[in-house]
Amino acid sequence: MAESLHDKILALEQESRQLEPTGQDLEKLTNQVIAYGHHYLNNVDNLKAYDKDFALNNDLLAAGFPEKGKDIAQLLPIIEQHVDKPGINPASGNHLGYIPGGGVYPTALGDYLAAVTNQYSGVFYAGPGAVQMENLVIRWIADFLGFPAGSLGNLTSGGSIANLIAIVTARDAKGIKSKLVEDSCIYLTHQAHHSVQKAIRIAGLDEAKLCYIKTDEQFRMDTQMLEKQIEQDVLANKKPFLVIASAGTTDTGVVDPLDQIADICSSYNLWFHVDAAYGGFFMLVDELRDKFKGIKRADSLTIDPHKGLFLAYGLGAVIVRDVAALQKTHYYMANYMQDAVGDSHEPSPADLSPELTKHFRGLRIWLPLQLFGVKPFRQALLEKHYLAQYFYHEIRKMGFETGPEPALSVCIYRYNQNVSEANLFNQRLIKRIQDDGEIFISSTTIDGIFWLRIAVLVFRTHLKAVDRLLALLREHRDELLKLEE
Ligand SMILES: *Cc1c(COP(=O)(O)O)cnc(C)c1O
């Protein structure tokens with residue numbers, strides 16, 4: 001007689017139970033992963049900040065996707081060798097390039113718990129505590145930024161998606177339907193992060209007029225030029241609707257004159273978006289709050305906890321003053337969601353973002369803030385600011401040219417004395433630092449000038465790393481100067 005359906009199901013149950021390690025197997029698996037993590041952390045100060053050696057033809061490729069599972073002890077060396085070693089080390093305190101972050105350890109514990117329980121934070125009815133936690137985190141951020149009570153937003157995967165959510169919300173709130181796109185105007189500067197242009201394109205606003213406003217000698221938006229440009233566009237029957245300012249630019253870390261921009265936006269009834277992905281958390285530091293005057297007047301704001309709050313990658317946030325506008329753009333009702341409607345005491349993230357089923361991101365930020373308290377974050381941010389200032393003064397003593405004194409924790413600098421071709425000299429200088437790999441720095445080009453750049457934002461970066469970089473820069477600069485002779 002053929003096997004009954006009943007027997008087939010029981011046979012398959014035996015197989016599918018392999019997906020649930022239990023007892024000693026569970027313990028052994030977890031312990032080996034934890035041992036790897038601990039070893040990594042105990043050794044992180046000895047790792048290179050940058051390792052350029054990588055070959056695609058490696059054990060990762062060879063591992064394939066086998067029918068039969070393997071032991072974790074076989075897999076960890078592959079991860080160590082081919083994933084964790086090559087490239088820039090984002091956990092390293094010697095990572096002083098781009099906008100780093102570091103990854104405080106409780107982020108991992110929060111993610112661990114979120115994944116083990118697989119809590120759902122998309123809809124209040126399904127995960128009331130998880131949704132409440134996420135909304136509390138967003139309100140805490142809105143609060144220290146000075147946004148009015150009632151502002152809310154969304155925890156995103158990062159700043160790029162936060163910018164996208166803000167821009168589509170602005171588009172809808174200002175009634176920019178497709179027929180109007182060609183006449184509509186968006187104002188920003190060349191110092192805006194490229195994720196802004198990307199978001200504008202994804203939002204279907206590629207044909208809008210992008211007005212790049214001149215910057216002053218500190219690379220901040222020139223508000224007189226902004227107002228002049230808006231006037232011109234209004235007279236030409238265009239539809240100005242959105243100004244995008246930066247609170248901490250990627251190139252030089254400066255903050256646009258937010259209060260004056262807010263004045264202009266309210267005069268002309270424009271949506272005011274602030275990209276504070278990098279700079280926003282410096283608002284936690286009393287000594288630095290003045291630099292952000294006017295930030296609380298924004299209609300929407302992007303901020304990245306995986307940068308300024310030192311969390312591991314995977315957390316940005318958007319804050320929006322008019323929650324109804326945010327909801328209007330993102331709300332959707334489907335028949336199969338009917339149980340989710342009703343007596344919702346908390347707005348649901350699924351109504352305020354493009355996502356439905358999503359990572360429970362609240363725990364990875366709530367847990368570190370509870371465990372450490374907010375104070376060490378404030379102190380670490382002030383330390384990073386002082387480190388950038390210290391670097392600025394020391395590198396000038398070494399004869400380097402610099403950009404503006406660091407407003408937050410980015411500094412641009414270049415060597416330009418007795419060298420035949422300054423751009424080339426500085427390109428050679430950074431190549432030497434990167435090839436060496438002990439410390440990682442990046443560069444940028446502004447108006448045709450090649451600048452070296454440091455961004456101090458890994459929580460593990462302390463005075464020693466900055467002093468070591470200064471020594472390396474001196475050493476390689478001197479060697480290159482000898483070659484010039
Ligand atoms: C990093 C950054 C972004 C993009 O954020 P992601 O988290 O990388 O997606 C946007 N704007 C600024 C100013 C940034 O520094």
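Note that these values count all heavy atoms, side chains included, but never hydrogens, waters or copies made by symmetry. Atoms within each ligand, like the ligands themselves, are counted from 1 in listed order.
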Of the listed options Thr302, Val410, Asp304, Asn163, closest to atom 5 (O) of ligand 1 (non-hydrogen atoms): Asp304

Smallest separation among heavy atoms of Ile439 and Ala465, with atom names: CD1-O, 3.4 Å

Between Thr402 and Arg396, a side-chain donor and acceptor under 3.5 Å: yes

Those atoms of ligand 1 less than 4.0 Å from some heavy atom in Ala277: 2 (C), 3 (C), 10 (C), 11 (N), 12 (C), 14 (C)

Contact atoms of ligand 1, heavy-atom distance to Asp275 under 4.0 Å: 10 (C), 11 (N), 12 (C), 13 (C)

Plane angle bin for His190 and Tyr212 - parallel if under 30°, tilted between 30 and 60°, otherwise perpendicular: parallel

Tyr36 and Asp84: side chain donor to acceptor below 3.5 Å: yes

Close approach, Ser195 and ligand 1, non-hydrogen under 4.0 angstrom: yes

Note: Asp172-Lys177 ion pair, threshold 4.0 Å (strictly below): no

Heavy atom of the protein closest to atom 2 (C) of ligand 1 (residue, atom name, distance): Lys307 NZ, 2.3 Å

Heavy-atom nearest option to atom 9 (O) of ligand 1, drawn from Ala455, Gly158, Ser160: Ser160

Glu80 versus Tyr40, side-chain donor and acceptor atoms under 3.5 Å: no

Atom 6 (P) of ligand 1 [closest protein heavy-atom partner, distance rounded to 0.1 Å]: Gly159 N, 3.3 Å

Nearest-contact summary for atom 4 (C) of ligand 1 - protein heavy atom, Å: His193 CE1, 3.5 Å

